[in-house]
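Here is the structure we will look at.
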Amino acid sequence: MSPQPTFQPDLMAGKVCFMSGATSGINLQIAERFAEAGAALFVISRSSDKVEATVEELRGLGAKADGAAVDVRDYSLVEKAVADCANAFGPIDMVLAGQAGNFLAPAIGMSANAFKSVVDIDLLGSFHVFRASFTHLNRPGASLLAITAPQATNPMPYQTHVCAAKAGVNMLVKSLAMEWGPSGVRVNAISPGPIDDTEGMRRLAGDPEIAAKYKQALALRRWGSKDNIADAALWVTSEAASYVTGTILEIDGGISLGDASSALPI
Ligand code: NAP
Ligand code: COA
């Protein structure tokens, strides 16, 4: 049997997307999925090489695409990039705040600047992206999406910086959903579980033994795919989810349920 299409073709035809951190991993897959669905895209990340390669790739998929090398920690650069996006493609329908930083480190092995770097990239950066976008949004109907993580609600050792930053992202999403809902703007987050073939999992579970233990604790006993997250991003920002706001969508194989290693297959 041939595989079923995972989304309606042209679901995003004519829509304009601004995406931060969309030049590798999960967020790049989201950008590709939106390009295939007909969107015009503006991508930002720090590396101009990664931005250029991504823009070329998205154009190769038939999408209108542009981008800029921007560190989300610099509000004035984010503001300029969002304005450039709106000038190039028109009012913005969808915004992704996807960038993050992570490394395993004990709290006492981490400088104040190390902790601050991750909070600034993940939390302050997401605020910058959403704050700068607001005046350029196509309202009503615009949809904002953050990428959070299970660390927002599951405390984890050697992840104090990420747990604190992503918990902040969850509350940023929920409070903005309340504040901007009356203007016809939806704000949601996706919380991916461990996703195969990503920088995040190389950093957290690069050792095969640790990876095997990780999988054994998951209800579904396997890591997810970047496609799983791209499909969810497409749905939650589309009209199909027009009554969904302030939600943290857990696409996580059950990691948020807790340790499922004692459950046996029947
Ligand atoms: P990744 O490939 O390292 O992607 C991170 C992206 O953010 C890159 O495009 C990077 O590009 C950009 N970036 C980093 N710092 C930035 C900054 N200061 N300003 C602008 N852009 C910046 O990571 P990933 O594993 O796919 O993770 C993507 C998202 O999913 C993250 O939000 C992560 O927390 C979340 N997540 C991942 C997993 C997983 O299993 N991988 C699980 C849960 C949640 P440059 O280097 O060019 O800046
Ligand atoms: N353990 C402890 N401290 C660390 C560290 C580690 N593994 N890696 C970096 N740091 C510290 C640095 O020493 C520095 O602190 P200092 O100034 O007191 O010495 C601080 O973190 C900032 O490091 P720097 O390299 O200047 O930051 P950056 O802004 O260039 O990069 C990071 C940010 C550190 C998060 C980097 O890993 C990164 O760019 N990550 C993006 C990709 C990623 O993490 N993907 C996975 C997403 S889930």
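In each ligand, atom 1 is the first atom listed, and ligand 1 is the first ligand listed. Residue indices begin at 1 and follow the sequence shown. Small disclaimer: the values here were computed from a predicted structure and weren't measured.
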For [atom], which of [options] has the closest heavy atom?
{"atom": "atom 10 (C) of ligand 1", "options": "Q99, Q151, K50, R73", "value": "K50"}
{"atom": "atom 44 (C) of ligand 1", "options": "T148, I147, I121, D71", "value": "T148"}
{"atom": "atom 42 (C) of ligand 1", "options": "G200, G193, P194", "value": "G193"}

Does a side chain donor of either [X] or [Y] reach within less than 3.5 Å of an acceptor in the other side chain?
{"X": "Q99", "Y": "D122", "result": "no"}
{"X": "N113", "Y": "S111", "result": "no"}
{"X": "S117", "Y": "D120", "result": "no"}

With a heavy-atom distance limit of 4.0 Å, tell me whether A100 approaches ligand 1 through its side chain, its backbone, both, or neither.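 Answer for A100: both.
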Numbered atoms and elements of ligand 1 in range of [X], under 4.0 angstrom, heavy atoms:
{"X": "G21", "value": "6 (C), 7 (O), 8 (C), 9 (O), 12 (C)"}
{"X": "S47", "value": "47 (O)"}
{"X": "N27", "value": "28 (C), 29 (C)"}
{"X": "M201", "value": "40 (O), 41 (N)"}

- Rounded to the nearest 0.5 Å, how far does CG of L123 lie from NZ of K116?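 It is 11.5 Å, given to the nearest 0.5 Å.
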Report each N/O pair between ligand 2 and the protein that falls under 3.5 Å, naming both atoms.
residue  : atom   : partner : partner atom : Å
ligand 2 : 15 (O) : S111    : OG           : 3.3
ligand 2 : 17 (O) : N113    : ND2          : 2.9
ligand 2 : 18 (O) : S111    : OG           : 2.5
ligand 2 : 29 (O) : R73     : NH1          : 2.9
ligand 2 : 29 (O) : R73     : NH2          : 2.9
ligand 2 : 37 (O) : R203    : NH1          : 2.8
ligand 2 : 39 (O) : R46     : NH1          : 2.9
ligand 2 : 39 (O) : R46     : NH2          : 2.9
ligand 2 : 44 (O) : N102    : N            : 2.8
ligand 2 : 44 (O) : N102    : O            : 3.4
ligand 2 : 44 (O) : R203    : NH1          : 3.2

- Which heavy-atom pair separates A97 from S20 by the least distance, and what is that distance?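 For A97 and S20, the tightest heavy-atom pair comes out as CA-OG, 3.2 Å.
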Sequence neighbours excluded and cut-off under 3.5 Å, please list the side-chain donor-acceptor pairs for residues 199-211, or say none.
residue : atom : partner : partner atom : Å
E199    : OE1  : R202    : NE           : 3.4
E199    : OE2  : R203    : NE           : 2.8
R202    : NH1  : D197    : OD1          : 3.4
R203    : NH1  : N102    : O            : 2.6
D207    : OD1  : E209    : N            : 2.8

Does an N or O from P150, backbone or side chain, lie closer than 3.5 Å to an N or O of ligand 1?
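No, no N or O pair falls under 3.5 Å.
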- Does NZ or CZ of R139 come closer than 6.0 Å to the centre of the six-membered ring of F134, within 45° of the ring's axis?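 Yes, a cation-pi geometry.
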